[in-house]
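What follows is one structure encoded as structure tokens, with my remarks underneath.
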Amino acid sequence: MAHLPILQFEEKIVETVENNPVVVIIGETGSGKSTQLSQILHRRGFTKSGTIAVTQPRRVAAVSVSRRVAQELGVTLGEEVGYAIRFEDRTSEKTVIKYLTDGVLLRESLSNPELNQYSVIILDEAHERSLNTDILLGLMKRLIKLRASNLKVLITSATLDGEKVSRFFSNCPILNVPGKLYPVEILHSSERPKSYIEAALKTAIDIHAREPEGDVLIFMTGQDDIEKMVTKLEERIQNLDEGSCMDAVILPLHGSLPPEMQVRVFSPPPPNCRRFIVATNIAETSLTVDGVVYVIDSGYVKQRQYNPSTGMYSLDVVQISKVQANQRAGRAGRTRPGRCYRLYPSMVYEDDFLDATIPEIQRSSLAGSVLYLKSLDLPDINILKFDFLDPPSFESLEDALKQLYLIDAISEDGSVTSLGRIMAELPLEPSLSRTLLEANDCGCLSQALTVAAMLSAETTLLSGRSKNTEKKRKNPPSDLPDGSGWGDHIQLLQIYEIWHQTDYNINWCKDNNLQVRGMKFVKEVRKQLSQIMQKIAKGSLDVKTSKRQKEGQDYRALRKALCSGYANQLAERMIRHNGYRTLGFKSQVVQVHPSSVLKPDEDGMLPNYVVYHELIATSRPYMCNVCAIEMAWVGPILSKLDELNVSKLSGGTSQSHEQTQVENSNLPKEDSHAPQPSDDHNERILAARERFLARKAKK
DNA sequence: GAGCACTGC
């Protein structure tokens, strides 16, 4: 412990923290900041008036670091030192050092906005700039004013970003704590290769033939490239002259690999054998592989981004940032001096790469975050003026407000409704929270809980694709249900109901190619959601998982509840073919994703109206996870869409509000229309729809 | 009829 560099700085740290409400710590890898900062402050009396909270972006980190600190202090984990992550709180009244994920701290802040139990809050790994960290940074800025006398905030950051964080916090002091990395020699290519797979391959073979022992870590963008790389590397190494170099093991490493394949990188290699680890950016921060001496960096990463003007996500290969490039290089210097081969010229690094990765808050849909901030009831809060370290675009915030308004989470003046307040309590996207509340009113809460939980885990549900077992949810190999033609949400419900009937049998998951880890997660989420719903309704709800019901049920109530939740995610089929047009603020032409189980009728036509969980632009714009709904449910939503006044929602001035009112009055109001008999639903829907389309055409 | 970076409440 005494060898950790950070301990030499104890006096300086304590002095700076005592004299300043906020301090930025630049701590390189191996500085010991994650384990030592909390212990130093505990030693020096900062836990007398409260607990020290240390946030981590990842759950495993919160658990492993707290375990380590408990060990170093010689206490039982969960007593003086503990951790809190989703589904698991290992703290007690005795706890004075608490490690937690930033998401958990945000939840705590919802019920206790001043976070009074904490005397110190350390935001660790803030340079990773997760969505939650960025929101916490904004909240901390307010909180230190509110609790000027009794709260200390420490933020750890990366070299390239520290100044910016300091400026955000009124130029607070920055402390540099050196790390314990060995030097890493950086070699740049003279030019960008035509194919970075080929370039990486050549570099890897060169290392293997000429360089002394030491493992090689190769950064690629995704599963496809990794598989190609692994195959080609195996071929080339076999073709090398027998005995000309040591043995080699080649290991792929990416997120959709089953856990038992992932942990292979942690077992030491046989003697006189070099390992090649071909990885995504999972090896950049999440997993640390020991023994790496050489890093090959393609300079690219796959990034998911949200486009607020279309409501569509895309997954793009983009250049990494300087922070990422340095992080990757650092992976070569953990055990001894290493070397990093960058497959791009130094000019590209200097001139093309951004200093830091675009923060998640500028790449995501913000409906959930905006609802969260609104329900905190901060005084003088105006979401458009909230002080973010890197503010999201106006367009993105406006998109979030529109979504929230359509699902009744905020009222037309932009204030949070009582419904919205309840929705914020649920750890779900607002669309699914709204679905649960509606389902509760329609008597299908139990089914909706299952659907929401299944969707929370969708990506971890299916086992990784493999060449010979092309099993899909789409073509159920055996017992897997097909959603009875109603679509993917219904299928997810049916899958869980069967699993429930098998008494949560793990072998059933394996037989049906469902990831055990994913299904267990679903079960936990469902339990958590049930508990929160029970708390809201004071325990009077039926949340029990139903047995799979008789064939032929039409899931009408559930589909209607989904329609309320997904009010901003409706689509209407176009005439005479199976393409759809979304019914949002900006209409998009989209297709149902080919993996969907939605079934056409006898004439080969898909349902006239559907809701979708997500739009994703890959080779074409697709709707992922769709569910058939009925036209009669669409009308009221379209009316609401029609009457939306965006400037009022975002707290615009009353002047601009009046202008819009005038504009609105040119349109026939529902009431001023020829009076409709209340049972003639369809005609009213059609009228609302026409007005909606006419208005859009005018824009 | 096509394709899945990584986290998290």
Side-chain angles (χ1 to χ4, degrees), chain A residues 55-62 84-89 100-111 125 128-136 219-227 253-257 262 279-287 298 300-305 313-318 320 324 357 359-360 363-364 368-369 371-372 423-430 432-433 452-453 456-467 470 472-475 515 521 524-525 528-529 531-532 578 591-598 600 614 616-622 624:
Chain A
T55 71
Q56 294 290 327
R58 278 170 296 279
R59 312 174 56 184
V60 276
I85 58 176
R86 187 178 190 178
F87 310 133
E88 203 184 353
D89 184 348
L100 69 179
T101 51
D102 38 25
V104 168
L105 189 62
L106 281 178
R107 286 287 135 190
E108 290 185 357
S109 165
L110 202 54
S111 51
E125 317 289 359
E128 289 188 26
R129 303 294 303 276
S130 76
L131 184 52
N132 288 338
T133 305
D134 269 27
I135 292 169
L136 280 174
F219 284 101
M220 293 276 121
T221 59
Q223 192 177 342
D224 264 0
D225 288 352
I226 289 173
E227 280 167 12
L253 181 63
H254 52 83
S256 42
L257 225 49
Q262 281 189 16
T280 59
N281 56 337
I282 195 170
E284 212 174 273
T285 48
S286 303
L287 295 179
S298 64
Y300 291 100
V301 69
K302 227 179 243 184
Q303 225 171 48
R304 191 174 141 97
Q305 16 227 2
Y313 280 95
S314 60
L315 196 62
D316 309 315
V317 174
V318 299
I320 58 172
Q324 276 179 295
T357 315
E360 212 186 333
R363 293 187 281 119
S364 322
S369 302
L371 178 59
Y372 171 84
M423 286 164 58
E425 296 271 333
L426 291 155
L428 289 172
E429 294 155 48
L432 290 174
S433 303
S456 299
E458 234 277 317
T459 49
T460 55
L461 233 49
L462 298 174
S463 291
R465 123 190 91 149
S466 57
K467 301 224 164 59
E470 267 289 297
K472 287 284 145 69
R473 270 207 288 136
K474 170 81 182 177
N475 303 309
Q515 263 195 37
F521 177 76
E524 291 245 49
V525 174
Q528 187 189 29
L529 297 176
Q531 283 165 350
I532 297 172
N578 279 337
Q591 309 284 130
V592 174
H593 196 274
S595 67
S596 174
V597 295
L598 190 72
E614 193 171 275
I616 177 128
T618 48
S619 56
R620 308 160 76 169
Y622 286 112
C624 290

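Letters go in sequence order (proteins before strands), and every chain restarts at 1.
Rounded to an integer number of Å, the gap from A:L105 CG to B:dC9 C1' is 12 Å. With rounding to whole Å, A:I532 atom CD1 is found 12 Å from B:dC9 atom P. As rounded to whole Å, 20 Å separates atom P of B:dG1 from atom CD1 of A:I616. Protein atom CZ of A:F521 is 11 Å distant from nucleotide atom C1' of B:dT7, rounded to whole Å.
Here A:R620 reaches the OP1 or OP2 of B:dA2: one of its side-chain N or O atoms lies under 4.0 Å away. Taking only side-chain nitrogens and oxygens, A:Y622 comes nearer than 4.0 Å to OP1 or OP2 of B:dA2. Between A:S619 and the phosphate of B:dG3, there is a side-chain N or O to OP1/OP2 separation shorter than 4.0 Å. Note on A:S595: every side-chain N or O is 4.0 Å or more away from OP1 and OP2 of B:dG3.
The residues A:E360 and A:R304 are annotated as not salt-bridged, no charged nitrogen and carboxylate oxygen being separated by less than 4.0 angstrom. The pair A:D134-A:R129 counts as a salt bridge, with a side-chain nitrogen and a carboxylate oxygen less than 4.0 angstrom apart.
Of all nucleotides listed (B:dG1, B:dT7, B:dC9), B:dT7 comes nearest to the side chain of A:I282. In this structure, of B:dC9, B:dC6, B:dA5, it is B:dA5 that holds the atom nearest to the side chain of A:Q223. Nearest to the side chain of A:R58, among B:dC6, B:dC9, B:dT7, sits B:dT7. Checked against B:dC9, B:dT7, B:dA5, the side chain of A:R304 finds its nearest nucleotide in B:dA5. Taking every side-chain heavy atom of A:E360 into account, B:dT7 is the closest of B:dC9, B:dT7, B:dA5. Of the candidates B:dA5, B:dC9, B:dG1, B:dG1 carries the atom nearest the A:P594 side chain, counting heavy atoms from C-beta on. Among the nucleotides B:dT7, B:dG3, B:dA5, the one closest to any side-chain atom of A:T618 is B:dG3.
No contact: A:V301 has no heavy atom under 4.0 Å from any strand. Nucleic acid contact for A:N132: none, since no nucleic acid atom lies under 4.0 Å from a heavy atom of the residue. Residue contacts shown for A:R107 include a base, since a base heavy atom lies under 4.0 Å away. No engagement by A:S130 is indicated, since no non-hydrogen atom pair under 4.0 Å with the nucleic acid exists.
Remark: A:Y622 engages no residue in a side-chain hydrogen bond (donor to acceptor under 3.5 Å, both in side chains) (not counting sequence neighbours).
Along DNA chain B, the nucleotide closest to A:A84 and the one closest to A:L315 are compared, and the more 5′ of them pairs with A:L315.
Here the options are A:K302, A:Q303, A:Q305, the test is side-chain hydrogen bond (donor to acceptor under 3.5 Å, both in side chains), and the partner is A:D316; only A:Q305 passes.
Distance OH/A:Y300 to CD1/A:I320: 10.0 Å, rounded to 0.5 Å.
With a 4.5 Å cut-off on side-chain heavy atoms, A:Q324 and A:F219 do not count as touching.
Regarding the sugar-base torsion, B:dC4 falls in the syn class, its angle being within 90° of 0.
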